[in-house]
There are 2 protein chains.
Amino acid sequence: MSDSTTLGWQDGRFAPDVMAADCPSRRILTHITSRWGGLILIALRGEVLRFSEMRRRIAGISERMLAQTLQTLEADGFVLRKAYDVVPPHVEYSLTPLGEEAAEKISELSHWIETNLHRIPGAAG
Amino acid sequence: MSDSTTLGWQDGRFAPDVMAADCPSRRILTHITSRWGGLILIALRGEVLRFSEMRRRIAGISERMLAQTLQTLEADGFVLRKAYDVVPPHVEYSLTPLGEEAAEKISELSHWIETNLHRIPGAAG
DNA sequence: GGAAGTACCTACAAAAATGTTAGTGTGAAA
DNA sequence: TTTCACACTAACATTTTTGTAGGTACTTCC
């Protein structure tokens with residue numbers, strides 16, 4: 001029950017569908033919509049940021065989660081990591097073209113939430 | 001450290017900002033981007049569905065998570081629950097106008113992922 | 001008569017996510 | 001000279017999320 005179902009999505013035998021539990025698109029969706037994934041993408045839109053700078057902008061994120069989520073996003077091909085071999089360490093993060101496209105989508109969602117917050121009943125409390 | 005910071009977002013003294021840890025917009029964002037929240041919104045777009053029907057469409061979701069996430073989304077004002085007092089039970093779920101707007105946004109994200117999956121390096125494995 | 005379907009809820013258990021703390025090696029500022 | 005900043009990693013602890021199993025009260029299908 002593993003091979004035929006899992007492989008089909010890879011080589012285009014089935015169309016990608018997030019409603020299917022084992023379609024890779026579902027994994028990517030969870031990465032982008034993970035607790036910190038979306039915020040990182042939004043923070044990086046059109047910018048080059050260093051680790052600590054990002055940490056300051058995304059209130060509440062821990063070093064561990066920032067590092068971990070950045071790695072996931074880098075592995076997906078959304079984030080580009082550029083390290084300079086100097087001391088103290090200097091690392092720059094930015095979005096790949098693919099990442100910019102994805103970031104645009106969650107930005108639109110978060111922007112909608114921000115501007116319509118007053119209409120959302122559950123936003124109080 | 002609780003009052004002055006927490007209250008400002010409610011009455012428009014500060015502009016909503018997902019980057020702020022205690023801004024209500026952040027809570028709403030996590031609801032919509034929660035593991036099942038987005039998929040439920042997508043499944044409900046333009047449709048009226050019963051509990052079991054949704055469960056069948058969203059592969060992998062458990063009854064518990066479906067019920068729980070629906071309650072969160074209902075409390076937020078995105079989902080409308082209409083129960084008929086008959087036996088066996090009959091309950092219909094649909095989106096509020098607000099919910100349709102939110103659903104449109106995550107649909108755009110998931111649709112982007114589905115159509116661009118072949119360009120995403122991390123989609124394999 | 002027995003099984004299955006309906007829309008859930010409640011304990012309990014397991015798994016996953018997240019946080020905390022400590023540490024790395026060097027340089028610059030106080 | 002002490003402290004801070006940098007960009008992390010590893011070990012451990014806690015919290016949150018998610019799943020499982022069982023139950024409800026009744027009806028329809030076989």
Side-chain angles (χ1 to χ4, degrees), chain A residues 18-22 26-41 43-44 47-76 79-94, chain B residues 1 18-19 21-22 26-41 43-44 47-76 79-94 122 125:
Chain A
V18 293
M19 290 300 163
D22 51 5
R26 184 107 132 210
R27 265 220 339 283
I28 300 299
L29 180 64
T30 66
H31 292 173
I32 297 179
T33 62
S34 71
R35 176 150 182 207
W36 303 112
L39 295 176
I40 289 175
L41 256 19
L44 278 176
E47 313 210 34
V48 177
L49 295 178
R50 299 180 63 172
F51 189 87
S52 295
E53 179 59 19
M54 291 191 64
R55 187 157 140 66
R56 270 175 236 119
R57 297 201 187 189
I58 305 170
I61 195 171
S62 66
E63 292 191 355
R64 188 188 191 278
M65 278 300 105
L66 180 55
Q68 190 170 301
T69 310
L70 277 171
Q71 285 175 4
T72 302
L73 262 21
E74 196 194 348
D76 285 343
V79 164
L80 191 72
R81 191 190 112 111
K82 195 175 200 171
Y84 298 88
D85 194 13
V86 293
V87 69
H90 184 119
V91 181
E92 291 177 350
Y93 290 94
S94 58
Chain B
M1 47 115 82
V18 292
M19 290 300 163
D22 51 5
R26 183 106 135 213
R27 265 220 339 283
I28 300 299
L29 180 65
T30 67
H31 292 173
I32 296 179
T33 62
S34 71
R35 175 150 183 206
W36 303 112
L39 295 176
I40 290 176
L41 255 20
L44 239 27
E47 314 210 34
V48 177
L49 295 178
R50 298 180 64 173
F51 188 87
S52 294
E53 178 59 19
M54 290 191 65
R55 188 157 139 65
R56 271 176 234 117
R57 297 203 186 188
I58 304 171
I61 195 170
S62 66
E63 292 191 354
R64 188 187 190 279
M65 278 300 104
L66 180 54
Q68 190 170 302
T69 309
L70 278 171
Q71 286 176 3
T72 302
L73 262 21
E74 195 193 349
D76 285 342
V79 163
L80 192 72
R81 191 190 113 111
K82 195 177 201 172
Y84 298 89
D85 194 12
V86 292
V87 68
H90 184 117
V91 180
E92 290 177 350
Y93 290 94
S94 58

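In what follows, every chain begins at residue 1, and chains take the letters A, B, ... in the order their sequences are listed. All values derive from a computational prediction rather than experimental measurement.
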In whole Å, what is the span from the [atom1] atom of [X] to the [atom2] atom of [N]?
| X | N | atom1 | atom2 | answer |
| --- | --- | --- | --- | --- |
| Met65(B) | dG19(D) | CE | P | 6 Å |
| Leu66(B) | dT20(D) | CG | P | 15 Å |
| Ile61(B) | dT17(D) | CD1 | C1' | 13 Å |
| Arg35(B) | dA15(C) | CZ | C1' | 10 Å |
| Arg55(A) | dT20(C) | CZ | C1' | 11 Å |
| Glu74(A) | dA7(D) | CD | P | 15 Å |
| Arg26(A) | dT18(D) | CZ | C1' | 13 Å |
| Met54(A) | dC6(D) | CE | P | 14 Å |

Pair up each side-chain donor or acceptor in residues 67-75 of chain B with any protein partner under 3.5 Å, not counting sequence neighbours, and list the distances.
| from | atom 1 | to | atom 2 | distance (Å) |
| --- | --- | --- | --- | --- |
| Gln68(B) | OE1 | Arg64(B) | NH1 | 3.0 |
| Thr69(B) | OG1 | Met65(B) | O | 2.7 |
| Thr72(B) | OG1 | Gln68(B) | O | 3.3 |

Using the 3.5 Å cut-off, write out each protein N or O paired with an N or O of nucleotides 7-10 of chain C and the distance between them.
| from | atom 1 | to | atom 2 | distance (Å) |
| --- | --- | --- | --- | --- |
| dA7(C) | OP1 | Arg50(B) | NE | 2.6 |
| dA7(C) | OP1 | Arg50(B) | NH2 | 3.1 |
| dA7(C) | OP2 | Ser52(B) | N | 3.1 |
| dA7(C) | OP2 | Ser52(B) | OG | 2.9 |
| dC8(C) | OP1 | Arg81(B) | NH1 | 2.2 |
| dC8(C) | OP2 | Arg81(B) | NH1 | 3.3 |
| dC8(C) | OP2 | Tyr93(B) | OH | 2.5 |
| dC8(C) | N4 | Glu63(B) | OE1 | 2.3 |
| dC9(C) | OP1 | Gln71(B) | NE2 | 3.1 |
| dC9(C) | OP2 | Gln71(B) | NE2 | 3.3 |

Please name all residues satisfying side-chain contact (heavy atoms from CB on, under 4.5 Å) with [X], sequence neighbours left out, ordered by chain then number.
| X | result |
| --- | --- |
| Ser94(B) | Val48(B), Leu80(B) |
| Arg35(A) | none |
| Ala59(A) | Ala21(B) |

message: Please check this pair: side chain of Arg81(B) against backbone of Val91(B), looking for a donor-acceptor N/O pair closer than 3.5 Å.
response: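 No; judged by distance alone, with no hydrogens or angles, the pair does not exist.
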message: Test of understanding: with salt bridge (Lys or Arg N to Asp or Glu O under 4.0 Å), list the residues that count as partners of Glu47(B), not counting sequence neighbours.
response: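 For Glu47(B) the salt bridge (Lys or Arg N to Asp or Glu O under 4.0 Å) partners, ignoring immediate neighbours, are Arg57(B).
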- prompt: If you find the nucleotide of DNA chain C closest to Pro88(A) and the one closest to Arg56(B), which residue's nucleotide is nearer the 5' end?
  reply: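 The residue mapped nearer the 5' terminus is Arg56(B).
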